[in-house]
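Side chains included, hydrogens not; waters and symmetry mates left out as well; all remaining heavy atoms used. Below, chains carry the letters A, B, ... as their sequence lines are ordered, and counting in each starts from 1.
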2 protein chains.
Amino acid sequence: MASQRGEGETTATPLEPADRERARAIPEAAVARLAVYLRVLSGMADQGVTAVSSEELSQAAGVNAAKLRKDLSYIGSYGTRGVGYDVEVLVSHIERILGLTRNHSVAVVGIGNLGHALANYGGFPGRGFPVTALFDVDADLIGVPVGGIPVNHIDEITAVCLEREVSIGVIATPPPAAQSVCDRLVSAGVQCILNFAPVVLQVPDNVEVRKVDLAVEMQILSFHVARRADEAASVSVGNNGLGVDGMVIRP
Amino acid sequence: MASQRGEGETTATPLEPADRERARAIPEAAVARLAVYLRVLSGMADQGVTAVSSEELSQAAGVNAAKLRKDLSYIGSYGTRGVGYDVEVLVSHIERILGLTRNHSVAVVGIGNLGHALANYGGFPGRGFPVTALFDVDADLIGVPVGGIPVNHIDEITAVCLEREVSIGVIATPPPAAQSVCDRLVSAGVQCILNFAPVVLQVPDNVEVRKVDLAVEMQILSFHVARRADEAASVSVGNNGLGVDGMVIRP
DNA sequence: CGGTGTGAATACTTTCACAGCT
DNA sequence: AGCTGTGAAAGTATTCACACCG
């Protein structure tokens, strides 16, 4: 994420009546959940379900009902009091807000094990994200089609990305190459990057980076294993609420 | 995350908390960043760097210095005022807190493209996470070694997980199979799950789930593309701080 | 009724800013 | 003189609880 949030924000216009349509500033966390609701709703639509209550939908999405309603309120009021939400209506509004009405062309850089797997997802998760370019440095791979797309040499990134109007770059290279690949994507005009390399990318403020970091995920799980072990130990010896180093561990 | 937090919690004890449950309970967000600091520090150690300031380390980790210091303060005070931190010391304390001093045996379920990629990471990211079991339903795969480990049939999950003391289960199956695989892992005693399937898993409270959701990540990026487009449009027509719908857009 | 929409209350995170140690 | 450690302030996010309405 282009780190620095508010730098010179002069207390962003306090009130001032609406000009165009509705009102919001959707919290990042809510955006992530909207994507989940969308998937659940799509599944329901496929099952022929036409209406849901916040309770049902929230259950299926693994959040609580109040949060769900609050999240939905950020995009407008499309429910019916006493009844619930129309599935189709909600789907289309969430799609609109998430920008899923346009297509987002995706380039995958680094066609190793992971890159292969990503390329083979074909038109990426849920459609709307067609993979249109693949890049690698390995001469043996150049020209070989993976998931239907021929691999280009990484030196062609700029030309190919511009030509195919790539809007999202996926980095699946080994760590040492990641920053340089990122720089090249950025200079090719790509403003959104999904990074699988275990590296902290430095990018200009106008570029959005999301990272998927296996090591971090595993380590968070490890932390919870450890927490649990401490807890168990404390309890069996007579829990005093303190863990290692006298730190109080969350319940 | 074992979803439901407070369900029947009767207005969560307002004040009584008295002493014990306070002081240090490491925020989830901080745990994730500690894992990042650890990686950066390990890299520094490999380069022969022996000391860092919060400023240097925070730069490399992509956060600001105050946040870094606060995060480190959760695990104790291991810096030297006026000087900075000893890299080795910090590494070992973070490892201890994250529970990386023990090994966490990992099982991967679903040996498709992604499962292959995961299995071939070999002793998972950063070591300490040896993959010791692989599972699939496909008869053609059973017994075939992937990344050095032979694939077992999914029906053997319970026996194999118990025997190999698997503590982390990784789900890389198609969506429809995910919940059932999850249930089996849980009944085999696995309490930590990393889920790559685009499905919201239902688990008991004592099980920790982390999800890696490609579709969600892409859609978040899509949202930002859309936000940016709106912004650009507003600006070119004379930005009044409001976006589409009169919504205030974050800077 | 029953369920949405939402202000107000609560909880959590991040940032500030400076005292305190080396 | 410089950098850590940390209370306190500011900023976000989540939850409560109830007015409101179909």
Which one, [options], comes nearest to the side chain of [X]?
X	options	value
B/Thr80	C/dT4, C/dT15, C/dT22	C/dT22
A/Pro27	D/dA13, D/dT15, C/dT15	D/dA13
A/Arg81	D/dC21, C/dT14, C/dA19	D/dC21
B/Lys67	C/dT22, D/dA19, C/dT14	C/dT14
B/Ser73	D/dT4, D/dT6, C/dG3	D/dT6

Within the pair [X] and [N], is there a side-chain N or O less than 4.0 Å away from OP1 or OP2?
X	N	value
A/Arg69	D/dT15	no
B/Asn64	C/dT15	yes
A/Tyr85	D/dG22	no
A/Ser54	C/dG3	no

Output the rounded distance in Å from [atom1] ([X]) to [atom2] ([N]).
X	N	atom1	atom2	answer
B/Tyr74	C/dC12	OH	P	11 Å
B/Asp86	C/dT22	CG	C1'	15 Å
A/Asp71	C/dT4	CG	P	14 Å
B/Glu56	D/dT4	CD	C1'	14 Å
B/Leu72	C/dT13	CG	P	17 Å
B/Leu68	D/dT6	CG	P	14 Å

How far apart are the C-alpha atoms of B/Val181 and B/Leu185, what are their side-chain angles, what is the distance that settles it, and do they pass the side-chain contact (heavy atoms from CB on, under 4.5 Å) test? CA-CA 6 Å; B/Val181 163; B/Leu185 285 168; 4.0 Å; yes

Flag, side chain of A/Ser222 to backbone of B/Gly99, donor-acceptor distance under 3.5 Å: yes

Using modelled atom types and a 3.5 Å cut-off, is there a donor and acceptor pairing between side-chain atoms of B/Arg228 and backbone atoms of A/Asn206? yes

When you match A/Gly79 and B/Lys70 each to their closest nucleotide on DNA chain C, which lands nearer the 5' end? A/Gly79

If you measure from the Lys or Arg side-chain nitrogens to the Asp or Glu carboxylate oxygens, is any gap between B/Glu28 and B/Arg210 under 4.0 Å?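 Yes.
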
Is there side-chain contact between B/Leu194 and A/Leu214, with at least one heavy-atom pair below 4.5 Å?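 In contact.
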
